[in-house]
Protein chains: 2
Amino acid sequence: MVTAQAGSPAAQDDIMRAGTLAREIFSDVANKWALLIIETLGDETRRFSELRDALEGISHKMLTQNLRMMERNGLVERTVHPVVPPRVEYRLTGPGHGLRATVDLMCEWTRQNMDHIEAARDEFDETSPRRG
Amino acid sequence: MVTAQAGSPAAQDDIMRAGTLAREIFSDVANKWALLIIETLGDETRRFSELRDALEGISHKMLTQNLRMMERNGLVERTVHPVVPPRVEYRLTGPGHGLRATVDLMCEWTRQNMDHIEAARDEFDETSPRRG
DNA sequence: CGGGATCCGTGCAGATACTG
DNA sequence: CAGTATCTGCACGGATCCCG
């Protein structure tokens with residue numbers, strides 16, 4: 001969306017603003033499924049059906065959609081093998097691995113704070129509805 | 001919904017699986033708006049209306065909803081000042097700051113790869129519809 | 001001013017079917 | 001097996017109203 005034809009040259013400065021940048025990231029580059037796909041791909045080259053199986057919960061439409069979006073953003077590389085049973089493989093690009101590193105960090109944070117989160121939820125669960 | 005009432009004790013082991021964990025993160029803890037709010041809060045203590053002004057694009061409902069969810073997850077701390085014009089302030093908790101660090105990293109990655117992303121989009125934009 | 005509740009529209013996401 | 005197109009729904013998100 002930052003691209004588009006905004007027509008405002010001064011808008012380039014606004015891109016540096018956290019809000020605008022973050023919006024760009026989390027609504028297009030790093031949406032929920034994309035991040036999940038990045039984690040699933042890891043260092044490997046995986047087929048479409050393998051990804052679908054690994055993510056299980058995702059529909060084939062969402063997978064295709066996100067894979068294409070990620071390919072468009074240069075996060076994954078799509079390789080089509082011209083064989084009779086079509087074989088299409090995906091793997092992270094260099095930048096894709098870079099993003100993956102940050103996602104890994106976020107996963108690690110969650111792992112370390114999982115108990116805190118659950119504790120907070122538990123406390124909130126009995127504090128919120130009653131309000132002391 | 002990793003939580004729910006799965007009823008399977010063995011499921012605890014599955015939580016360690018990247019997929020399940022990541023799902024938990026990106027669908028509840030670190031959704032699009034939550035990440036945006038985290039970036040907006042930063043080190044400061046901000047009022048509800050300040051946040052709404054800073055994020056501008058968000059509706060009061062979404063802000064309230066996400067703020068409450070983040071409070072439930074122990075990411076933000078909500079302080080209500082019992083004054084005549086109600087004054088409610090929010091600030092990141094310790095764990096909240098930890099998550100913020102990872103979000104910052106992701107923002108930094110985007111900043112560094114912005115040109116790559118745009119280039120990839122540009123290339124894809126003319127390669128995809130025509131297929132060479 | 002902060003926030004809950006409600007109503008309602010939009011758009012995302014699932015299922016299905018067809019192509020190559 | 002991989003991908004696209006279409007149709008539908010349902011949930012998410014916005015606007016409004018009212019309460020504290």
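Each chain gets a letter, A, B and so on, in the order the sequences are listed, and its residues count up from 1.
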Other members of the hydrophobic cluster containing Leu105(B), with the 4.5 Å side-chain heavy-atom rule, please. Leu105(A)
Round to a whole Å and report the spacing from CZ of Arg68(B) to P of dC12(D). 17 Å
Compare the minimum distances between each of dG14(C), dA2(D), dG13(D) and the side chain of Gln65(B), then state the nucleotide with the smallest one. dG13(D)
Phe124(B) and Asn73(A), any side-chain heavy atoms less than 4.5 Å apart: no
Measure from CG on Leu55(A) to P on dA13(C) and round the result to the nearest Å. 14 Å
Grab the CE-P distance between Met69(B) and dG13(D) for me, whole Å please. 11 Å
Consider the side chain of Arg47(B), meaning its heavy atoms from C-beta on, and name the nucleotide among dG3(D), dG2(C), dT4(D) that approaches it most closely. dG2(C)
Tell me whether Trp109(A) contacts the main-chain N or O of Pro95(B) through its side chain, where contact means a donor paired with an acceptor under 3.5 Å. yes
Once you round it to whole Å, what is the distance between C1' of dA2(D) and CZ of Arg46(A)? 17 Å
Sugar-phosphate only, base, or nothing, as touched by Pro86(A) at under 4.0 Å among non-hydrogen atoms: base
Please check the phosphate of dG2(C) (OP1 and OP2 only) for any side-chain N or O of Thr64(B) closer than 4.0 Å. no
Nearest-Å distance for atom pair CE/P, residues Met62(B) and dG13(D): 5 Å
Of the options dT4(D), dC1(D), dG4(C), whose atoms approach the side-chain atoms of His60(A) most closely? dT4(D)
Tell me the interatomic distance from Glu50(B), atom CD, to dC1(C), atom P, rounded to whole angstroms. 12 Å
Around Arg47(B), counting heavy atoms of other residues, nucleotides and ligands shown, do more than 12 lie under 6.0 Å from its CZ? yes
Any side-chain N or O of Arg52(B) less than 4.0 Å from the OP1 or OP2 oxygen of dC1(C)? no
Name the residue closer to the 5' end of DNA chain C, choosing between Tyr90(B) and Asn66(A) according to the nucleotide with the nearest heavy atom. Tyr90(B)
dC7(D), dG2(C), dA15(D): which one has an atom nearest the side-chain heavy atoms of Lys61(A)? dC7(D)
Respond yes when some side-chain nitrogen or oxygen of Arg78(A) is under 4.0 Å from OP1 or OP2 of dA2(D), and no when none is. no
Inter-residue atom distance Glu44(B).CD - Leu51(B).CG, 0.5 Å rounding: 9.5 Å
Reading DNA chain C from 5' onward, which residue's closest nucleotide shows up sooner: Trp33(A) or Val84(A)? Trp33(A)
Rounded distance in Å - CG (Leu51(B)) to C1' (dG2(C)): 12 Å
